[in-house]
There are 2 protein chains.
Amino acid sequence: MTTDFCKPSRRSPRDRIVEAARDLFRRHGIRGTGVDAIADAADSNKMTLYRHFNSKDELIVECLRRAGMEMDGFWQELEDAYPGDGLGQLRAWVRRIADHLGDDKCQCEMMSAAVQLTDEDHPGRSVIRMFKDAQRDRVVELCRRAGVAHAELLCDTLLLLIEGARAAQQSSGAEGPSARFAEIADAAILSFAGSGDAFK
Amino acid sequence: MTTDFCKPSRRSPRDRIVEAARDLFRRHGIRGTGVDAIADAADSNKMTLYRHFNSKDELIVECLRRAGMEMDGFWQELEDAYPGDGLGQLRAWVRRIADHLGDDKCQCEMMSAAVQLTDEDHPGRSVIRMFKDAQRDRVVELCRRAGVAHAELLCDTLLLLIEGARAAQQSSGAEGPSARFAEIADAAILSFAGSGDAFK
DNA sequence: CGAAAATGTTACTGGTCGGTAACAGCGTTG
DNA sequence: CAACGCTGTTACCGACCAGTAACATTTTCG
């Protein structure tokens, strides 16, 4: 009843700014994206941007936070799709990552940001760290539920393979080592799940 | 006989500029490093820099090329240390990468650059691609010499683990998944080398 | 409606950055 | 010595960029 039609851009300016920033950050890098370009792409302006975020760095942090929240949502989807089935969730997770590797821009906003935020004290780095730590805890738990003997080892193996696939996609292209990511990661899961001591 | 003593900085200005650039690129990122800072760190000046390189991009390309050449030298060292021993070279390679993961800045200049050079047409990207392709060929050959059944698969597994370890080092720190890289990679090698069908 | 809050517009600042011009020094080599 | 090539110094340009001020407009809501 309030704003349900006739509005060319119905989401709030703040929302549009964050999404525009994430998109531009992915496409042109964080340092390569100016606030003017963000405001413009958000169909807004620089002043509104600075009324919601005291600095570009604050906006970066919000982008990272939102990316983390989207991942949280995805973990929930996985739990709903494979309730209590750790193995199923692990494999679905790997499959989904493999399917999205070529997505013009992998949603590796965390990794990409980690490389670009060279300042060790950048507030965004703590967001990345917290997200990565939480992700690791979650994956370890899934590995345990999958009945894997060396849960931490499978977890770290998968995390390394995933980060590697995203990095390889950037540097070697889709035909590089990342092309076999799904095959390799799934084999690792089955290997660990099958006999507790495979791969070790 | 020409310039062998008494010079506070004996390498040529060009040399110093490239090395200074590589160092600063690693520490502060490519976009975060200005040409003035490079010239200054090289104990030279901007004019000499621009007499050797027509643009910053050209300097970036030279940095990538030199990084690639250093890797070529390392492959030769491996061949000398383990002549004809593919398995030995593979394991030494992994060990060396693991040892240097924490090196203030991993020498992942290629990966780091690939993330930062968001422009798909940047001349540096082709250098990265060529280097990555050559590296893959080399590793596949080592896997074959190691008597591995699925050489390409082990090769891509190792490459993904390595890129992943470097990326994880950046985003999750030294205590993250990269801490177990050596263990995981070595297990993968032995698993493939032992029984031809492990992990698959 | 009417006031307050949020948003949009324009213009500006101070700083940085990539790149260039002009000139001066300095070592080599003939 | 003299000419030349490489290097260093200073100053500058135009573009861009993060952030701000002042003012106009629209939206929201009591």
Which atom pairs, donor and acceptor, lie under 3.5 Å between side-chain atoms of residues 81-88 of chain A and protein residues at least two apart or in another chain?
from  : atom 1 : to    : atom 2 : distance (Å)
A/D85 : OD1    : A/L87 : N      : 3.3
A/D85 : OD1    : A/G88 : N      : 2.9
A/D85 : OD2    : A/G88 : N      : 3.4

For the student: nearest non-hydrogen atoms of A/R16 and A/D43, plus distance: NH1-O, 3.3 Å
Of residues 50-58 of chain B, the positions that come close to DNA chain D - non-hydrogen atoms, cut-off under 4.0 Å: B/R51, B/H52
Between C1' of C/dC17 and CG of B/L59, the distance in whole Å: 15 Å
Spacing between B/D40 atom CG and C/dG18 atom P, to the nearest angstrom: 14 Å
d(CG, A/N45; C1', D/dA18) in whole Å: 15 Å
Charged N-O contact under 4.0 Å between A/E19 and A/R22: yes
Rounded distance in Å - CE (B/M47) to P (D/dT7): 11 Å
Nucleotide D/dT20, atom P - distance to CG of A/D36 in whole Å: 14 Å
Rounded distance in Å - CG (B/L49) to P (D/dC6): 16 Å
Atom pair OG (A/S44) and CZ (A/R51), whose distance is rounded to the nearest 0.5 Å: 9.0 Å
Closest heavy-atom pair and its distance - B/A114, A/Q170: O-OE1, 3.5 Å
Test item: side-chain donor near acceptor, B/Q76 and B/D80, under 3.5 Å: yes
Between C/dG8 (C1') and A/K46 (NZ): distance, integer Å: 14 Å
B/T48 vs D/dC6: side-chain N/O to OP1/OP2 distance below 4.0 Å: no
Nucleotide C/dC17, atom P - distance to CD1 of B/I30 in whole Å: 15 Å
